[in-house]
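Report on the following structure.
Letters A, B, ... mirror the listed sequences (proteins, then strands); counts begin at 1.
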Amino acid sequence: MTSLIAQLSDIVGQAFGDEGIDKSFGLVRFSDRPDLAQFQCNGAMAAAKAAKKNPRTVAETIIQKLQSNPDFSKIEIAGPGFINLTLTDEALGKYISLLTSDDRCGVEQVGHNETIMLDYGGPNVAKPMHVGHLRSSIIGDSIRRILQFSGYNTVGDIHMGDWGTQMGMMISELEIMHPDWVYFDENYTGDYPIDPVVTMEDFEEIYPRVSALCKTDPERLERSKKAVVDLQSKRRGYYALWQQFVAISLHSMKRNFTALNVHFDLWKGETDVHDLIAPMVEDLQKRGYAIEDEGAIVVHVKKNDDNKEFPPLILYKSDGGVLYGTTDLATIFERVRDYNPARILYVVDKRQGLHFEQVFRAAKLTGIAPEQLELTHLGYGTMNGQDGKPFKTRAGGVLKLEDMISMGQEKALQRIEEAEAAKGLSRDEKDDIAMKVAIAAIKFADLQNSFSADYVFDLDRMTSFEGKTGPYLLYQSVRIKSLLEKADYKTQKNLEIIPTDADRNLILALIELPQVVDVAVRNYTPHVLCDHAYKLAQTFSSFYGNTHIMSESDPAQRQIWLELSHMVLMQLELLLDLVGIKIPERM
RNA sequence: GUCUCCGUAGCUCAGUUGGAUAGAGCACAAGUUUCCUAAACUUGGGGCCGCAGGUUCAAUUCCUGCCGGAGACGCCA
């Protein structure tokens, strides 16, 4: 269905059109001054400027045209030329009545099943997931949900880091620690053991140690690099060991992502395009795009109008190894071949902006990406500590994602034990609620920030349940569920709703949803959904506190309020689903 | 050095193509429960929107310079 704002914009735009002015000036928005009006149009000022006329005179001619419309109870010009509009309760009620039977809550589908691929998550094999992985995962997953709901065919790919230098560090270190392992015997031709020889705990211990060592010891670094090249040329023992790394890591990742309610359609990694690299580079060399430079094979992507140094994309290092730019380029090739997407979105740390610009340019330049394919890097900001530097725990290490989740769950469980409503619930039910509360807290705390800016990580805030938090939204939703159950709510079709002073603000909040989702889709900004969900929940809570629904004597009024409450619940469910938050039945 | 992003209340953050009186949470102060879940509600104090210019009827928003913070800049990811 057409949103109320679109309908109003159409009416006012028509008035502009009748005056020979571009209809787009008739854009109507929610009023910034609810004390003066419900809606406003600022187009008269912009139109007057373009036509060099007095804005109030333009506004005057527009509102003349609108006077005959019976749906407006108030039409006024204010300030320099704002057109303030207020609807009659009948008109507002009519629209909200229609909205009750729309299962999309009034939100239109903008997509036409175009395929959009999203690259997010990007955890590394052989490294435990820490809080830094949170952003990419949940922002990417939310954008995927938003686009899917909006009518696009989305494909989310985890794109694991499974082929880089850290693999060489791990393998070479294990070889130093256990030279006798069969994986390191080059003459061995038999099968390798099935049982894992390493654990996540080993990864946690080994990786930081070797990584630090390689920074200070060039010889040790050389050995790691050598191991990468050997791995990439599929030395049997190394490859078998690497397969173990992947299996172990996948298990751990899946546990984390299941807990976070983050979904991927594809579980691919850099390795998956390995066999595409050699033919791709060969082809690029043949066509003159890839050339040798300082011993490496590169694609020059500098443009004449660049106002800064623009390094080439390196496909092969001088030692023959490939870099993540190489795999990223090959991945674009693979995605175009297999999915022919309209867009590919990369939800990756914004510090990699230059890297993606290089890859995108190379892809376009060489034709690996077709002209019309939209490649966008959605770079999110760094998670900093209170000191403004990248977040570290007090001990100086990283905070593991699963540790943060269990801290939140623990805290939620304590709260549930105190709650009256949770009396009589089983252990499992309580655990389930605690998990949902913890995830809601963590995800909402992160997603309510606009993703592009750096933000300060605060564990206490991530696991806080009061105020503008995920659990607050769950709480309001659960209260509505409980109300509807107690009141034995059943929907009533074609209910005639006439707004009253008690519920008018709530109704106005309910009709905002389509515009909110529209902004989120166009800009890839989940935080506007969080913001609106909170506003809606708060408006409901205020209404709920002032209006006792169950004891309302007029059955028609009671039904209207239940219907409105139900709409709030539907919208909260939708909004929270779009940011990947699940609502429990009780809490 | 070059380029990019950021600077809004004590703290953490919103602020849509430039619009009216710049918002929210936390923290602080005061109040609300015989009544649908108090993880709630109501009220209050709190701001040179980093600084200085410019464009405009109108600038937190656009342009320029400066100050402060973060980041990127050919063989790590």
Side-chain angles (χ1 to χ4, degrees), chain A residues 24 27 29 31-33 35-36 40 42 45-46 48-49 54-55 78-82 84 122 124 161 164-166 211 214 221 225 270 293-296 298 306-314 316-319 321 323-325 348-355 358 379 381-382 384 386 388-390 412 415-416 418-422 437 445 448-450 452-456 458 460-461 464-469 471-472 474-476 478-480 482-487 515-516 518-519 522-523 525 527-528 530-531 534-535 538 541-542 544-551 565 586-587:
Chain A
S24 62
L27 186 68
R29 52 201 270 186
S31 179
D32 291 330
R33 294 287 304 272
D35 53 319
L36 299 180
Q40 69 184 66
N42 300 346
M45 291 177 288
K49 179 163 191 161
N54 182 322
F82 297 101
N84 283 340
N124 291 315
T165 309
Q166 74 268 27
S211 174
C214 285
L221 180 63
K225 287 184 172 183
E270 298 172 297
D293 192 343
E294 296 176 28
V298 307
D306 282 337
N307 59 354
K308 60 176 170 186
E309 288 302 308
F310 219 99
L313 182 72
I314 297 175
Y316 279 124
K317 295 190 285 183
S318 39
D319 69 0
L323 295 165
Y324 76 140
V348 181
D349 192 313
K350 70 176 176 187
R351 287 174 294 190
Q352 294 187 29
L354 179 60
H355 161 74
Q358 287 175 283
T382 315
N384 290 328
Q386 254 83 351
K389 297 192 176 118
R415 191 57 165 272
I416 292 165
E418 296 163 10
E420 199 60 37
V437 169
Q448 68 172 305
N449 299 311
S450 49
S452 58
D454 293 349
Y455 86 117
V456 176
D458 179 345
D460 289 338
R461 200 149 25 83
S464 159
F465 305 153
E466 277 127 47
K468 192 174 180 179
T469 63
Y472 172 89
L474 301 188
Y475 176 71
Q476 297 304 345
V478 165
R479 283 218 291 191
I480 298 173
S482 170
L483 166 72
L484 296 177
E485 203 177 311
K486 284 200 167 114
Q515 274 63 48
V516 172
D518 186 54
V519 170
R522 283 204 328 267
N523 305 321
T525 46
H527 83 273
V528 303
C530 293
D531 207 54
Y534 181 71
K535 178 185 172 179
Q538 210 181 30
S541 192
S542 182
Y544 190 69
N546 293 322
T547 312
H548 205 271
I549 299 170
M550 295 284 274
S551 59
S565 302
R586 299 185 260 181
M587 64 187 279

Write down the distance separating the [atom1] atoms in [N] and [M], rounded off to the nearest Å.
N: B:rG7; M: B:rA14; atom1: C1'; value: 15 Å
N: B:rC5; M: B:rG10; atom1: P; value: 28 Å
N: B:rG23; M: B:rG1; atom1: P; value: 41 Å
N: B:rG68; M: B:rA22; atom1: P; value: 31 Å
N: B:rG15; M: B:rA24; atom1: C1'; value: 10 Å
N: B:rA38; M: B:rU42; atom1: C1'; value: 13 Å
N: B:rA70; M: B:rC75; atom1: P; value: 24 Å
N: B:rG50; M: B:rG69; atom1: C1'; value: 11 Å

**Message:** Both A:Phe310 and A:Gly164 contact RNA chain B. Taking the nearest nucleotide for each, which residue is further toward the 5' end?
**Reply:**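 Taking each residue's closest nucleotide, the earlier one in sequence belongs to A:Phe310.
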**Asked** Nearest nucleotide by nearest heavy atom, which residue falls closer to the 5' end of RNA chain B, A:Asp319 or A:Gln538?
**Response**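 In this pair, the answer is A:Gln538.
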Under 4.0 Å between any heavy atoms, over every strand shown, what does [X] touch: base, sugar-phosphate, or nothing? Just pick one.
X: A:Asp293; value: base
X: A:Leu354; value: sugar-phosphate
X: A:Thr547; value: base
X: A:Ser482; value: base
X: A:Gln386; value: nothing
X: A:Tyr544; value: base
X: A:Tyr455; value: sugar-phosphate
X: A:Ile416; value: base
X: A:Glu418; value: nothing
X: A:Thr469; value: nothing
X: A:Lys317; value: base
X: A:Lys535; value: nothing
X: A:Tyr472; value: sugar-phosphate
X: A:Ser318; value: base

Check the distance between [N]'s [atom2] and [X]'s [atom1] and give it to me in whole angstrom.
X: A:Asn42; N: B:rC57; atom1: CG; atom2: C1'; answer: 14 Å
X: A:Asp458; N: B:rC11; atom1: CG; atom2: P; answer: 14 Å
X: A:Leu323; N: B:rA77; atom1: CG; atom2: P; answer: 5 Å
X: A:Arg461; N: B:rC26; atom1: CZ; atom2: P; answer: 12 Å
X: A:Asp349; N: B:rA72; atom1: CG; atom2: C1'; answer: 11 Å
X: A:Arg415; N: B:rU37; atom1: CZ; atom2: C1'; answer: 12 Å
X: A:Lys468; N: B:rA24; atom1: NZ; atom2: C1'; answer: 5 Å
X: A:Arg351; N: B:rA70; atom1: CZ; atom2: P; answer: 13 Å

Indicate, yes or no, whether a donor-acceptor pair under 3.5 Å links the base of [N] to the side chain of [X].
X: A:Asp454; N: B:rG69; result: no
X: A:Asn84; N: B:rA20; result: yes
X: A:Gln40; N: B:rA20; result: yes
X: A:Arg29; N: B:rU17; result: yes

**Message:** Side chain of A:Ile314 only, heavy atoms from C-beta on: which candidate in B:rA58, B:rU37, B:rG74 is closest?
**Reply:**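 Selected nucleotide: B:rG74.
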**Message:** Measuring from the side chain of A:Lys49 (C-beta onward, heavy atoms only), which nucleotide among B:rA58, B:rA20, B:rA38 has the closest atom?
**Reply:**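 Looking only at side-chain atoms, A:Lys49 lies closest to B:rA58.
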Can you see if the side chain of [X] gets near the phosphate of [N] - specifically, an N or O under 4.0 Å from OP1 or OP2?
X: A:Ser450; N: B:rA14; value: yes
X: A:Ser541; N: B:rC41; value: yes
X: A:Thr382; N: B:rA70; value: no
X: A:Arg479; N: B:rA38; value: yes
X: A:Lys486; N: B:rU37; value: yes
X: A:His527; N: B:rG15; value: yes
X: A:Tyr534; N: B:rA14; value: no

What heavy-atom pair brings [X] and [Y] nearest, and what distance separates the two atoms?
X: A:Ser565; Y: A:Leu483; answer: OG-CD2, 3.8 Å
X: A:Gly164; Y: A:Glu270; answer: N-OE1, 4.0 Å
X: A:Thr525; Y: A:Val519; answer: OG1-O, 3.7 Å
X: A:Pro55; Y: A:Ala48; answer: CA-CB, 3.4 Å
X: A:Met587; Y: A:Val478; answer: N-CG1, 3.8 Å

Under 3.5 Å, side chain of [X] to main-chain N/O of [Y], donor-acceptor pair present?
X: A:Lys225; Y: A:Thr165; value: no
X: A:Gln358; Y: A:Pro312; value: yes
X: A:Asp319; Y: A:Gly321; value: yes
X: A:Asp454; Y: A:Gly381; value: no

**Message:** Parallel, tilted or perpendicular, judged at 30° and 60°: which one describes the rings of A:Tyr534 and A:Tyr472?
**Reply:**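 Correct class here is tilted.
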**Prompt:** For A:Phe82 and B:rA20, are the ring centres under 5.5 Å apart with planes inclined under 30°?
**Reply:**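 Taking the rule of under 5.5 Å and under 30°, the ring of A:Phe82 does stack on B:rA20.
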**Asked** Using centres under 5.5 Å plus planes under 30 degrees as the test, is A:His548 stacked with B:rC36?
**Response**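 Aromatic stack with B:rC36 present for A:His548.
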**Item:** Identified pairing partner of B:rG65, criterion: Watson-Crick or G-U wobble below 3.5 Å
**Value:**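 Its partner is B:rC51.
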